[in-house]
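Residue numbers begin at 1 in each chain, while the letters A, B, ... track the order of the sequences.
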Protein chains: 2
Amino acid sequence: MPNAPTAKGRATRARIVEGAAEVLREQGVAFTTLDDIRGRTGTSKSQLFHYFPAGKDELLLAVARFEADRVLKDQQPHLGRLDSWESWRQWRDVVVERYERQGDRCPLGSLFLQVGRDRPGARAIVTGLMRQWQEQLARGMRALQANGLVSSALDVERTAAALLAGIQGGVTIMMSTGDSTHLRAALDTGIEHLRGTAG
Amino acid sequence: MPNAPTAKGRATRARIVEGAAEVLREQGVAFTTLDDIRGRTGTSKSQLFHYFPAGKDELLLAVARFEADRVLKDQQPHLGRLDSWESWRQWRDVVVERYERQGDRCPLGSLFLQVGRDRPGARAIVTGLMRQWQEQLARGMRALQANGLVSSALDVERTAAALLAGIQGGVTIMMSTGDSTHLRAALDTGIEHLRGTAG
DNA sequence: CCTTTTCTGGACTTGCAGGTCCATTTTCCG
DNA sequence: CGGAAAATGGACCTGCAAGTCCAGAAAAGG
(Lines give C-alpha, C1' and ligand atoms only; values in the text may rest on other atoms or scores of the structure.)
Protein backbone atom coordinates (compact mmCIF):
# COMPACT_ATOMS: atom_id res chain seq x y z
CA MET A 1 0.00 0.00 0.00
CA PRO A 2 2.00 2.94 -1.30
CA ASN A 3 0.59 5.56 0.98
CA ALA A 4 1.79 8.82 -0.47
CA PRO A 5 1.98 9.01 -4.26
CA THR A 6 2.72 12.71 -4.43
CA ALA A 7 5.61 14.72 -3.08
CA LYS A 8 3.27 16.78 -0.98
CA GLY A 9 1.81 13.64 0.48
CA ARG A 10 5.16 12.24 1.39
CA ALA A 11 6.11 15.50 3.05
CA THR A 12 2.95 15.54 5.11
CA ARG A 13 3.41 11.95 6.14
CA ALA A 14 6.95 12.66 7.23
CA ARG A 15 5.83 15.76 9.11
CA ILE A 16 3.29 13.66 10.98
CA VAL A 17 5.79 11.01 11.97
CA GLU A 18 8.42 13.48 13.09
CA GLY A 19 5.96 15.64 14.96
CA ALA A 20 4.40 12.61 16.60
CA ALA A 21 7.84 11.46 17.67
CA GLU A 22 8.43 14.82 19.34
CA VAL A 23 5.17 14.79 21.22
CA LEU A 24 5.61 11.20 22.27
CA ARG A 25 9.05 11.95 23.63
CA GLU A 26 7.75 14.85 25.62
CA GLN A 27 4.55 13.42 27.03
CA GLY A 28 5.01 9.70 26.84
CA VAL A 29 2.84 7.44 24.77
CA ALA A 30 0.31 6.80 27.52
CA PHE A 31 -0.54 10.48 27.75
CA THR A 32 -0.56 11.39 24.10
CA THR A 33 -3.73 11.59 22.04
CA LEU A 34 -4.22 11.89 18.34
CA ASP A 35 -5.40 15.42 18.96
CA ASP A 36 -2.06 16.28 20.53
CA ILE A 37 -0.34 15.02 17.43
CA ARG A 38 -2.82 16.80 15.22
CA GLY A 39 -2.12 20.03 17.01
CA ARG A 40 1.63 19.73 16.87
CA THR A 41 1.82 18.76 13.24
CA GLY A 42 -0.81 21.16 11.99
CA THR A 43 -2.89 18.47 10.40
CA SER A 44 -6.47 17.33 10.52
CA LYS A 45 -8.00 14.13 11.74
CA SER A 46 -8.67 12.95 8.24
CA GLN A 47 -5.03 13.34 7.29
CA LEU A 48 -3.92 11.18 10.15
CA PHE A 49 -6.23 8.42 9.00
CA HIS A 50 -5.45 9.05 5.38
CA TYR A 51 -1.80 8.24 5.89
CA PHE A 52 -2.30 5.67 8.61
CA PRO A 53 -5.56 3.91 7.77
CA ALA A 54 -5.19 1.41 10.58
CA GLY A 55 -5.20 4.23 13.05
CA LYS A 56 -3.10 5.01 16.06
CA ASP A 57 -1.27 1.72 16.21
CA GLU A 58 -0.03 2.06 12.68
CA LEU A 59 1.19 5.56 13.39
CA LEU A 60 2.94 4.47 16.56
CA LEU A 61 4.64 1.70 14.65
CA ALA A 62 5.86 4.19 12.07
CA VAL A 63 7.24 6.37 14.84
CA ALA A 64 8.95 3.34 16.34
CA ARG A 65 10.69 2.68 13.05
CA PHE A 66 11.69 6.31 12.85
CA GLU A 67 13.15 6.26 16.36
CA ALA A 68 14.91 2.95 15.83
CA ASP A 69 16.67 4.40 12.81
CA ARG A 70 17.91 7.32 14.83
CA VAL A 71 19.43 5.17 17.51
CA LEU A 72 22.14 3.78 15.26
CA LYS A 73 22.49 6.91 13.16
CA ASP A 74 23.23 8.96 16.26
CA GLN A 75 26.15 6.69 17.04
CA GLN A 76 27.79 7.06 13.68
CA PRO A 77 30.37 7.36 12.42
CA HIS A 78 32.03 6.09 15.59
CA LEU A 79 30.08 2.85 15.87
CA GLY A 80 31.23 1.89 12.40
CA ARG A 81 34.94 2.30 13.10
CA LEU A 82 35.69 0.67 16.41
CA ASP A 83 39.21 -0.41 15.50
CA SER A 84 41.29 1.34 18.15
CA TRP A 85 40.97 2.10 21.84
CA GLU A 86 40.63 5.75 20.97
CA SER A 87 37.67 5.08 18.71
CA TRP A 88 35.98 3.01 21.39
CA ARG A 89 36.42 5.87 23.80
CA GLN A 90 34.90 8.34 21.37
CA TRP A 91 31.97 6.06 20.75
CA ARG A 92 31.45 5.63 24.47
CA ASP A 93 31.31 9.41 24.91
CA VAL A 94 28.80 9.76 22.12
CA VAL A 95 26.52 7.13 23.60
CA VAL A 96 26.62 8.68 27.05
CA GLU A 97 26.04 12.13 25.66
CA ARG A 98 23.19 11.01 23.44
CA TYR A 99 21.25 9.33 26.19
CA GLU A 100 21.93 12.01 28.75
CA ARG A 101 20.51 14.53 26.34
CA GLN A 102 17.52 12.32 25.71
CA GLY A 103 16.82 12.53 29.41
CA ASP A 104 14.38 10.23 31.09
CA ARG A 105 12.12 9.45 28.18
CA CYS A 106 12.39 6.18 26.35
CA PRO A 107 10.64 6.63 23.02
CA LEU A 108 11.12 3.11 21.85
CA GLY A 109 10.52 1.12 24.97
CA SER A 110 7.22 2.72 25.74
CA LEU A 111 5.92 2.48 22.20
CA PHE A 112 5.88 -1.26 22.24
CA LEU A 113 4.04 -1.52 25.48
CA GLN A 114 1.24 0.43 23.90
CA VAL A 115 1.18 -1.29 20.57
CA GLY A 116 1.63 -4.76 21.92
CA ARG A 117 4.71 -6.75 21.21
CA ASP A 118 2.90 -9.44 19.31
CA ARG A 119 1.69 -7.16 16.58
CA PRO A 120 3.26 -8.15 13.30
CA GLY A 121 6.15 -5.86 12.61
CA ALA A 122 6.57 -4.60 16.15
CA ARG A 123 8.96 -7.25 17.27
CA ALA A 124 10.88 -7.06 14.04
CA ILE A 125 11.80 -3.45 14.68
CA VAL A 126 13.45 -4.17 18.00
CA THR A 127 15.09 -7.42 17.02
CA GLY A 128 16.44 -5.81 13.88
CA LEU A 129 17.85 -2.90 15.81
CA MET A 130 19.46 -5.15 18.38
CA ARG A 131 20.92 -7.41 15.75
CA GLN A 132 22.53 -4.58 13.83
CA TRP A 133 23.80 -2.91 16.96
CA GLN A 134 25.36 -6.09 18.27
CA GLU A 135 26.82 -6.85 14.87
CA GLN A 136 28.65 -3.57 14.78
CA LEU A 137 29.97 -4.04 18.29
CA ALA A 138 31.16 -7.50 17.35
CA ARG A 139 32.83 -6.19 14.23
CA GLY A 140 34.65 -3.62 16.36
CA MET A 141 35.88 -6.31 18.69
CA ARG A 142 37.14 -8.36 15.80
CA ALA A 143 38.96 -5.30 14.53
CA LEU A 144 40.69 -5.05 17.89
CA GLN A 145 41.61 -8.71 17.62
CA ALA A 146 42.99 -8.15 14.15
CA ASN A 147 45.13 -5.33 15.49
CA GLY A 148 46.39 -7.54 18.26
CA LEU A 149 44.82 -5.40 20.94
CA VAL A 150 42.50 -8.10 22.23
CA SER A 151 42.97 -11.80 22.76
CA SER A 152 41.89 -13.89 19.82
CA ALA A 153 40.39 -16.32 22.34
CA LEU A 154 37.68 -13.83 23.24
CA ASP A 155 34.14 -15.00 22.58
CA VAL A 156 33.20 -11.99 20.51
CA GLU A 157 29.51 -12.69 20.06
CA ARG A 158 28.88 -13.27 23.72
CA THR A 159 30.90 -10.27 24.80
CA ALA A 160 29.10 -8.07 22.32
CA ALA A 161 25.76 -9.37 23.57
CA ALA A 162 26.78 -8.60 27.13
CA LEU A 163 27.90 -5.09 26.27
CA LEU A 164 24.69 -4.43 24.41
CA ALA A 165 22.72 -5.67 27.40
CA GLY A 166 24.71 -3.37 29.65
CA ILE A 167 23.91 -0.39 27.49
CA GLN A 168 20.23 -1.25 27.37
CA GLY A 169 20.10 -1.71 31.10
CA GLY A 170 22.04 1.46 31.73
CA VAL A 171 19.56 3.38 29.65
CA THR A 172 16.61 1.66 31.30
CA ILE A 173 17.87 2.52 34.75
CA MET A 174 18.53 6.08 33.69
CA MET A 175 14.93 6.35 32.58
CA SER A 176 13.75 5.52 36.05
CA THR A 177 16.33 7.25 38.16
CA GLY A 178 17.51 10.07 35.96
CA ASP A 179 21.07 9.06 36.71
CA SER A 180 23.55 7.90 34.08
CA THR A 181 25.92 6.19 36.50
CA HIS A 182 24.89 2.71 35.44
CA LEU A 183 25.19 3.44 31.75
CA ARG A 184 28.70 4.77 32.26
CA ALA A 185 29.59 1.84 34.48
CA ALA A 186 28.37 -0.66 31.91
CA LEU A 187 30.31 0.96 29.08
CA ASP A 188 33.50 1.46 31.06
CA THR A 189 33.46 -1.97 32.61
CA GLY A 190 32.71 -3.52 29.25
CA ILE A 191 35.63 -1.80 27.58
CA GLU A 192 37.84 -2.54 30.55
CA HIS A 193 36.93 -6.17 30.16
CA LEU A 194 38.17 -6.07 26.59
CA ARG A 195 41.38 -4.40 27.71
CA GLY A 196 41.79 -7.05 30.37
CA THR A 197 42.09 -9.75 27.74
CA ALA A 198 44.71 -7.72 25.88
CA GLY A 199 47.36 -9.66 24.12
CA MET B 1 -4.42 6.83 55.65
CA PRO B 2 -4.65 3.35 57.16
CA ASN B 3 -6.86 1.82 54.56
CA ALA B 4 -8.01 -1.44 56.08
CA PRO B 5 -8.81 -1.40 59.78
CA THR B 6 -10.27 -4.88 59.90
CA ALA B 7 -8.77 -8.25 59.04
CA LYS B 8 -11.34 -8.81 56.35
CA GLY B 9 -10.49 -5.48 54.83
CA ARG B 10 -6.79 -6.23 54.73
CA ALA B 11 -7.46 -9.58 53.11
CA THR B 12 -9.62 -8.00 50.42
CA ARG B 13 -7.04 -5.34 49.72
CA ALA B 14 -4.32 -7.96 49.39
CA ARG B 15 -6.54 -10.03 47.11
CA ILE B 16 -7.03 -7.04 44.88
CA VAL B 17 -3.33 -6.27 44.62
CA GLU B 18 -2.34 -9.86 43.93
CA GLY B 19 -5.13 -10.42 41.45
CA ALA B 20 -4.37 -7.16 39.69
CA ALA B 21 -0.73 -8.17 39.45
CA GLU B 22 -1.75 -11.40 37.75
CA VAL B 23 -3.98 -9.72 35.23
CA LEU B 24 -1.41 -7.05 34.50
CA ARG B 25 1.24 -9.66 33.86
CA GLU B 26 -1.00 -11.49 31.48
CA GLN B 27 -2.50 -8.64 29.52
CA GLY B 28 -0.09 -5.78 30.02
CA VAL B 29 -1.04 -2.58 31.71
CA ALA B 30 -2.14 -0.84 28.53
CA PHE B 31 -4.81 -3.44 27.88
CA THR B 32 -6.12 -3.93 31.39
CA THR B 33 -9.20 -2.20 32.72
CA LEU B 34 -10.56 -1.92 36.21
CA ASP B 35 -13.33 -4.24 35.13
CA ASP B 36 -10.78 -6.90 34.26
CA ILE B 37 -9.34 -6.60 37.73
CA ARG B 38 -12.80 -6.56 39.25
CA GLY B 39 -13.63 -9.76 37.42
CA ARG B 40 -10.46 -11.56 38.39
CA THR B 41 -10.54 -10.61 42.04
CA GLY B 42 -14.27 -11.08 42.53
CA THR B 43 -14.79 -7.57 43.80
CA SER B 44 -17.00 -4.64 42.97
CA LYS B 45 -16.22 -1.23 41.67
CA SER B 46 -16.86 0.35 45.03
CA GLN B 47 -14.36 -1.92 46.69
CA LEU B 48 -11.65 -0.92 44.29
CA PHE B 49 -12.24 2.72 45.08
CA HIS B 50 -12.73 2.01 48.76
CA TYR B 51 -9.22 0.63 49.09
CA PHE B 52 -7.63 2.87 46.48
CA PRO B 53 -9.45 6.18 46.71
CA ALA B 54 -7.17 7.88 44.22
CA GLY B 55 -8.23 5.36 41.62
CA LYS B 56 -6.34 3.34 39.10
CA ASP B 57 -3.01 5.05 39.53
CA GLU B 58 -2.94 4.34 43.22
CA LEU B 59 -3.74 0.70 42.57
CA LEU B 60 -1.05 0.42 39.92
CA LEU B 61 1.44 1.91 42.31
CA ALA B 62 0.52 -0.65 44.94
CA VAL B 63 1.00 -3.41 42.39
CA ALA B 64 4.37 -1.94 41.47
CA ARG B 65 5.45 -2.12 45.09
CA PHE B 66 4.22 -5.69 45.27
CA GLU B 67 6.15 -6.69 42.17
CA ALA B 68 9.29 -4.88 43.25
CA ASP B 69 9.29 -6.85 46.48
CA ARG B 70 9.09 -10.09 44.58
CA VAL B 71 12.07 -9.33 42.43
CA LEU B 72 14.55 -9.53 45.27
CA LYS B 73 12.67 -12.18 47.20
CA ASP B 74 12.80 -14.49 44.22
CA GLN B 75 16.57 -14.27 44.20
CA GLN B 76 16.97 -15.28 47.80
CA PRO B 77 18.64 -16.89 49.58
CA HIS B 78 21.34 -16.92 46.91
CA LEU B 79 21.60 -13.18 46.43
CA GLY B 80 22.31 -12.79 50.13
CA ARG B 81 25.24 -15.22 50.20
CA LEU B 82 27.45 -14.49 47.25
CA ASP B 83 30.69 -15.47 48.94
CA SER B 84 31.97 -18.25 46.68
CA TRP B 85 32.09 -18.96 42.98
CA GLU B 86 29.60 -21.74 43.51
CA SER B 87 27.10 -19.40 45.14
CA TRP B 88 27.47 -16.93 42.29
CA ARG B 89 26.74 -19.70 39.85
CA GLN B 90 23.64 -20.76 41.72
CA TRP B 91 22.41 -17.21 41.86
CA ARG B 92 23.02 -16.80 38.16
CA ASP B 93 20.91 -19.89 37.46
CA VAL B 94 18.08 -18.62 39.61
CA VAL B 95 18.01 -15.27 37.86
CA VAL B 96 17.98 -16.84 34.42
CA GLU B 97 15.31 -19.29 35.43
CA ARG B 98 13.15 -16.65 37.07
CA TYR B 99 13.10 -14.37 34.09
CA GLU B 100 12.72 -17.12 31.55
CA ARG B 101 9.69 -18.28 33.44
CA GLN B 102 8.33 -14.77 33.54
CA GLY B 103 8.46 -14.81 29.79
CA ASP B 104 8.11 -11.67 27.79
CA ARG B 105 6.09 -9.62 30.20
CA CYS B 106 7.71 -6.89 32.25
CA PRO B 107 5.33 -6.10 35.08
CA LEU B 108 7.41 -3.34 36.57
CA GLY B 109 8.67 -1.58 33.52
CA SER B 110 5.28 -1.14 31.98
CA LEU B 111 3.63 0.00 35.17
CA PHE B 112 5.67 3.15 35.36
CA LEU B 113 5.01 4.14 31.82
CA GLN B 114 1.34 4.16 32.64
CA VAL B 115 1.53 5.87 35.98
CA GLY B 116 4.12 8.39 34.97
CA ARG B 117 7.54 8.42 36.45
CA ASP B 118 7.16 11.77 38.10
CA ARG B 119 4.35 10.75 40.34
CA PRO B 120 5.49 10.92 43.94
CA GLY B 121 6.39 7.47 45.09
CA ALA B 122 6.79 5.96 41.64
CA ARG B 123 10.42 6.76 41.21
CA ALA B 124 11.18 5.78 44.77
CA ILE B 125 10.07 2.23 44.11
CA VAL B 126 12.50 1.69 41.27
CA THR B 127 15.41 3.57 42.79
CA GLY B 128 14.95 1.68 46.04
CA LEU B 129 14.89 -1.65 44.25
CA MET B 130 17.98 -0.83 42.24
CA ARG B 131 19.84 0.43 45.27
CA GLN B 132 19.17 -2.70 47.29
CA TRP B 133 19.94 -4.99 44.39
CA GLN B 134 23.24 -3.28 43.65
CA GLU B 135 24.11 -3.23 47.34
CA GLN B 136 23.76 -6.98 47.59
CA LEU B 137 25.84 -7.55 44.49
CA ALA B 138 28.51 -5.25 45.88
CA ARG B 139 28.45 -7.07 49.20
CA GLY B 140 28.95 -10.33 47.34
CA MET B 141 31.92 -8.93 45.50
CA ARG B 142 33.47 -7.74 48.73
CA ALA B 143 32.97 -11.20 50.15
CA LEU B 144 34.94 -12.58 47.22
CA GLN B 145 37.64 -10.03 47.92
CA ALA B 146 37.71 -11.03 51.56
CA ASN B 147 38.16 -14.63 50.54
CA GLY B 148 41.01 -13.69 48.25
CA LEU B 149 39.10 -14.76 45.15
CA VAL B 150 39.01 -11.34 43.57
CA SER B 151 41.55 -8.55 43.39
CA SER B 152 41.20 -6.02 46.15
CA ALA B 153 41.87 -3.34 43.56
CA LEU B 154 38.49 -3.97 41.94
CA ASP B 155 36.14 -1.01 41.91
CA VAL B 156 33.28 -2.86 43.52
CA GLU B 157 30.59 -0.21 43.23
CA ARG B 158 31.19 0.41 39.57
CA THR B 159 31.40 -3.28 38.74
CA ALA B 160 28.20 -3.96 40.64
CA ALA B 161 26.49 -1.11 38.79
CA ALA B 162 27.65 -2.54 35.48
CA LEU B 163 26.44 -6.02 36.33
CA LEU B 164 23.07 -4.69 37.42
CA ALA B 165 22.81 -2.77 34.17
CA GLY B 166 23.62 -5.92 32.25
CA ILE B 167 20.87 -7.82 33.98
CA GLN B 168 18.35 -5.07 33.38
CA GLY B 169 19.30 -4.85 29.76
CA GLY B 170 19.24 -8.59 29.34
CA VAL B 171 15.74 -8.70 30.72
CA THR B 172 14.66 -5.75 28.59
CA ILE B 173 15.94 -7.38 25.45
CA MET B 174 14.28 -10.64 26.39
CA MET B 175 10.97 -8.81 26.69
CA SER B 176 11.24 -7.70 23.10
CA THR B 177 12.82 -10.69 21.49
CA GLY B 178 11.75 -13.55 23.71
CA ASP B 179 15.33 -14.72 23.79
CA SER B 180 17.42 -14.94 26.97
CA THR B 181 20.78 -14.99 25.21
CA HIS B 182 21.65 -11.47 26.24
CA LEU B 183 20.70 -11.99 29.85
CA ARG B 184 22.92 -15.07 30.02
CA ALA B 185 25.72 -13.26 28.23
CA ALA B 186 25.56 -10.35 30.65
CA LEU B 187 25.63 -12.58 33.70
CA ASP B 188 28.34 -14.87 32.42
CA THR B 189 30.55 -12.11 31.12
CA GLY B 190 30.09 -10.19 34.34
CA ILE B 191 31.14 -13.12 36.48
CA GLU B 192 33.96 -13.91 34.10
CA HIS B 193 35.15 -10.37 34.51
CA LEU B 194 35.34 -10.92 38.26
CA ARG B 195 37.22 -14.14 37.73
CA GLY B 196 39.59 -12.35 35.42
CA THR B 197 40.78 -10.12 38.23
CA ALA B 198 41.35 -13.11 40.44
CA GLY B 199 44.18 -12.91 42.92
C1' DC C 1 -28.50 -5.73 71.61
C1' DC C 2 -28.03 -1.36 69.51
C1' DT C 3 -24.97 2.05 67.33
C1' DT C 4 -21.34 3.06 64.56
C1' DT C 5 -18.06 2.04 61.41
C1' DT C 6 -16.49 -0.69 57.76
C1' DC C 7 -17.34 -3.30 53.82
C1' DT C 8 -19.81 -4.66 49.62
C1' DG C 9 -22.92 -4.67 45.32
C1' DG C 10 -23.99 -2.72 41.29
C1' DA C 11 -26.53 0.76 38.70
C1' DC C 12 -25.46 5.16 36.83
C1' DT C 13 -22.94 9.23 34.95
C1' DT C 14 -19.53 11.38 32.22
C1' DG C 15 -15.67 12.75 29.54
C1' DC C 16 -12.78 11.75 26.25
C1' DA C 17 -10.21 9.72 22.61
C1' DG C 18 -10.41 6.88 18.59
C1' DG C 19 -12.53 6.56 14.54
C1' DT C 20 -16.05 7.89 10.58
C1' DC C 21 -17.82 10.83 6.96
C1' DC C 22 -18.34 13.94 3.43
C1' DA C 23 -17.63 18.33 1.34
C1' DT C 24 -13.95 21.05 -0.57
C1' DT C 25 -9.51 22.14 -2.39
C1' DT C 26 -5.31 21.00 -4.55
C1' DT C 27 -2.43 18.33 -7.49
C1' DC C 28 -1.55 15.18 -11.21
C1' DC C 29 -1.41 13.89 -15.94
C1' DG C 30 -3.03 13.15 -20.55
C1' DC D 1 -7.67 22.66 -20.13
C1' DG D 2 -10.47 19.07 -17.87
C1' DG D 3 -11.39 15.03 -15.48
C1' DA D 4 -9.52 11.85 -12.03
C1' DA D 5 -7.05 11.01 -8.05
C1' DA D 6 -4.98 12.67 -3.93
C1' DA D 7 -4.97 15.70 -0.07
C1' DT D 8 -7.30 18.45 3.42
C1' DG D 9 -10.70 20.47 7.02
C1' DG D 10 -13.47 19.69 10.52
C1' DA D 11 -17.98 18.38 12.29
C1' DC D 12 -19.87 14.32 14.06
C1' DC D 13 -20.52 9.72 16.15
C1' DT D 14 -19.78 6.14 19.49
C1' DG D 15 -18.01 3.00 22.78
C1' DC D 16 -15.69 2.36 26.55
C1' DA D 17 -13.49 2.76 30.88
C1' DA D 18 -12.79 5.65 34.92
C1' DG D 19 -15.06 7.35 38.46
C1' DT D 20 -19.62 8.43 41.46
C1' DC D 21 -23.34 7.27 44.45
C1' DC D 22 -26.27 5.25 47.58
C1' DA D 23 -28.46 1.52 49.60
C1' DG D 24 -27.79 -2.51 52.17
C1' DA D 25 -24.96 -6.29 54.63
C1' DA D 26 -21.47 -7.45 57.86
C1' DA D 27 -18.44 -6.59 61.56
C1' DA D 28 -16.86 -4.02 65.74
C1' DG D 29 -17.40 -2.86 70.20
C1' DG D 30 -19.40 -0.96 74.18
Heavy-atom nearest pair, A/L149 first then A/W85, reads O-CZ2, 3.6 Å

Separation of atom CZ in B/R10 from atom P in C/dC7, rounded to whole Å:
9 Å

From C/dC7, D/dT8, C/dG18, pick the nucleotide closest to the side chain of B/P5?
C/dC7

Does the side chain to side chain donor-acceptor pair (under 3.5 Å) test come out yes or no for A/T172 and B/Q168, once each step is laid out?
CA-CA 7 Å; A/T172 303; B/Q168 292 311 307; over 6 Å; no

Using atom CG of A/L48 as one end and atom P of C/dC21 as the other, report the distance to the nearest whole Å.
17 Å

The answer to which of B/G55 and A/T12 contacts DNA chain D further toward the 5' end, by nearest nucleotide, is A/T12

Any chance CZ of B/R81 has more than 12 other-residue heavy atoms, nucleotides or ligands included, within less than 6.0 Å?
no

Verify same cluster id: B/I167, B/L72 (apolar side-chain graph, 4.5 Å):
yes

Measure the distance from NE2 on A/H50 to P on C/dG18 and round it to the nearest whole Å.
20 Å

Distance check: side-chain N/O of B/Y51 vs OP1/OP2 of C/dT8, anything under 4.0 Å?
yes

Select base, sugar-phosphate, or nothing to describe what A/K45 touches, counting heavy atoms under 4.0 Å on all strands.
base

What I want to check is whether the side chains of B/T33 and B/D35 have a donor and an acceptor closer together than 3.5 Å.
no

Separation of D/dA17 atom P from B/D35 atom CG, nearest Å, is 8 Å

Looking only at side-chain N and O atoms, does B/Q47 come under 4.0 Å of OP1 or OP2 in C/dC7?
no

Given C/dT6, D/dT8, C/dG18, the nucleotide with the shortest approach to the side chain of B/T6
C/dT6

Taking the nucleotide of DNA chain D with the closest heavy atom to each, which residue, B/A7 or B/D57, is nearer the 5' end?
B/D57

In whole angstrom, give the distance that lies between atom CG of A/L34 and atom C1' of D/dG10.
15 Å

Of A/S46 and A/T32, the one whose closest nucleotide on DNA chain C sits nearer the 5' end is A/T32

Check the distance between D/dG9's P and A/F49's CZ and give it to me in whole angstrom.
16 Å

Measure from the side chain of A/K56, starting at C-beta and using heavy atoms only, and say which of C/dC7, D/dG10, C/dG18 lies closest.
C/dG18

Length of the line joining A/I16:CD1 and D/dG9:P, which is rounded to integer Å
10 Å

Can you find a side chain N or O atom of A/K8 that sits less than 4.0 Å from OP1 or OP2 on D/dA7?
no

Without decimals, in angstroms, what is the distance between A/Q114 CD and C/dA17 P?
13 Å

